[in-house]
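A short worksheet on the structure shown next.
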Number of protein chains: 2
Amino acid sequence: MPRQGLSKESVVQAAVDLIEEKGVSQFSMGKLAQRLKIKPASLYNHVESIDKLMKLVKEEAIYQLVQLENQAIAGKKKNEALFALAEAYRSFARNHYQLYQVIMAFPKENDLVLKQEAGEIISPFLKVLADYGLTENQQFHWQRVLRAMMSGFAFHEQAGGFSYFPIDQDESFYIAMQCIANGLCQTGGEKR
Amino acid sequence: MPRQGLSKESVVQAAVDLIEEKGVSQFSMGKLAQRLKIKPASLYNHVESIDKLMKLVKEEAIYQLVQLENQAIAGKKKNEALFALAEAYRSFARNHYQLYQVIMAFPKENDLVLKQEAGEIISPFLKVLADYGLTENQQFHWQRVLRAMMSGFAFHEQAGGFSYFPIDQDESFYIAMQCIANGLCQTGGEKR
DNA sequence: ATGATAAAACTAATACTATTAGTTTGTCAA
DNA sequence: TTGACAAACTAATAGTATTAGTTTTATCAT
């Protein structure tokens, strides 16, 4: 095996680093090659295309997010778990917004690997919802409600959509989550 | 004034049409020029750059969305207005997803025109919230909650993020909006 | 009708983007 | 030492936005 040093994994890692540093919109094969001190064409010895590369970056990003989510809810129940999950999600979107964008922006393929990762993304939500005494169907619906609220909030917060009024965004987020928590307790409590 | 026919407005309109037909990701100055039967360079007689052009497309898209929102809530109050607004928003995101994407994806500039449009986007939400007996601050917070939920839902619904479980998306949306409606009534009713 | 004017088209060029084909080179194993 | 193979290379294509400079032509004033 000739000329060691570079592998598929190290290329993906370099892509992740570059995206986190300069932003996903600034990423290109040329800049990645420059950072790795090779010519752009040489990248194709390690990855098939920029799309496949971004898919790998997305998988890494999803892995990191799911990791944080599962850590956050470990050993917690009901509202404590719910708010911890929400905070972990929001933190990731804030601290790694470029990676978060990769997760959200790049197409959901009918790919088996990503189908499994979709399951991993949803899993922490279902774990949290399991404690509220919902039917299975209700869990599925509320999982959507929860994810919609969180991703919508993360998006607007980062894209500047919430800067029209100079009021605290933490408080808005708390109100949003409390609203959902109330809905959950009500739905679960009444057992309909 | 020489060679009539093409103007800034008609270029923007052609761009809107092309984006709605082929998708924003497929849009380019070359394809727009091809459709208008001119060379790409000639477009720069009418628009400064592709960024400025997309800004104009975004303004048009925002205008259409705000129009629909205001129509939807006209003459309605409280939950009736809330659900009508939500439905109008969701319909636009479904029926004109490419234009919706332009609104969401392109950067919020510190531009006066877009600052005004941000106000127009927020305005229908504030109108609806005005009937719930909230304080001004509460209105600002709930406006964010509402927009986060709606945009998060629209995004996942279109991007395929809600197709993991084969359950009705309308029902999920109804649950989400009912959750917010309950939160609003509760907050407003208690008058704290 | 004629000619000047200026807008709107054009051509040609630059600098990016991803990607492929074909070639060289370096390293490891036999 | 030699053969093989992986990983780099060079060179080329086709697409992207954009600028500079040139030509065309519609309209307006003479």
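Quick note on labels: first sequence line is chain A, next is B, and so on, each numbered from 1. Just the heavy atoms: all of them, side chains too, but no hydrogens, waters or symmetry mates, feed the values below.
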If you restrict it to nitrogen or oxygen atoms, what contacts under 3.5 Å exist between nucleotides 18-21 of chain C and the protein, and what is each distance?
from	atom 1	to	atom 2	distance (Å)
C:dA18	OP1	A:M29	N	2.7
C:dA18	OP2	A:M29	N	3.1
C:dA18	OP2	A:G30	N	3.4
C:dT19	OP2	A:Y44	OH	2.7
C:dT19	OP2	A:I50	N	2.8
C:dT19	O5'	A:Y44	OH	3.3

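With rounding to whole Å, B:L43 atom CG is found 13 Å from D:dT16 atom C1'. At whole-Å resolution of the value, CE in A:M54 and C1' in C:dT17 are 15 Å apart. The distance between atom CG of A:N45 and atom P of C:dT23, rounded to the nearest whole Å, is 16 Å. Residue B:Q26 contributes atom CD, which lies 9 Å from atom P of D:dT16 at whole-angstrom precision. Rounded to an integer number of Å, the gap from NZ of B:K39 to P of C:dT11 is 5 Å. As a whole-Å value, the separation of B:L6 CG from D:dA26 P is 15 Å.
Take B:E60 and apply the salt bridge (charged side-chain N to carboxylate O under 4.0 Å, His left out) test, not counting sequence neighbours, and it matches no residue. Applying the salt bridge (charged side-chain N to carboxylate O under 4.0 Å, His left out) criterion to A:R147, with sequence neighbours excluded, gives no partner residue. Contacts of A:D131 classified as salt bridge (charged side-chain N to carboxylate O under 4.0 Å, His left out), with partners at least two apart in sequence or in another chain: A:K77. Under the rule for a salt bridge (charged side-chain N to carboxylate O under 4.0 Å, His left out), B:K76 has no partner lying at least two apart in sequence or in another chain.
Listed by residue number, the members of residues 12-23 of chain A with any heavy atom below 4.0 angstrom from DNA chain C form an empty set.
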Under 3.5 Å, side-chain donor or acceptor atoms of residues 172-181 of chain B against the rest of the protein: list the pairs with distances, not counting sequence neighbours.
from	atom 1	to	atom 2	distance (Å)
B:S172	OG	A:H141	ND1	2.6
B:S172	OG	A:R144	NH1	3.1
B:S172	OG	B:D168	O	3.3
B:Y174	OH	B:Q178	OE1	3.3
B:Q178	NE2	B:N182	OD1	3.3

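Taking 4.0 angstrom as the limit, A:S42 places none of its side-chain polar atoms (N or O) nearer than this to OP1 or OP2 of D:dA7. Between B:H46 and the phosphate of C:dA7, there is no side-chain N or O to OP1/OP2 separation shorter than 4.0 Å.
Side-chain atoms of A:H96 and A:E20 include a donor-acceptor pair closer than 3.5 Å.
Residue pairs meeting the salt bridge (charged side-chain N to carboxylate O under 4.0 Å, His left out) criterion with at least one partner in residues 23-52 of chain B, sequence neighbours excluded, are B:E21-B:R35, B:E48-B:K52. Within the structure, salt bridge (charged side-chain N to carboxylate O under 4.0 Å, His left out) pairs that include any residue of residues 80-96 of chain B comprise B:R90-B:E157, B:R90-B:D170, B:R94-B:E157, B:R94-B:D170 (at least two apart or interchain).
Under the 30°/60° scheme for interplanar angles, the aromatic rings of B:Y100 and B:F92 are found to stand perpendicular.
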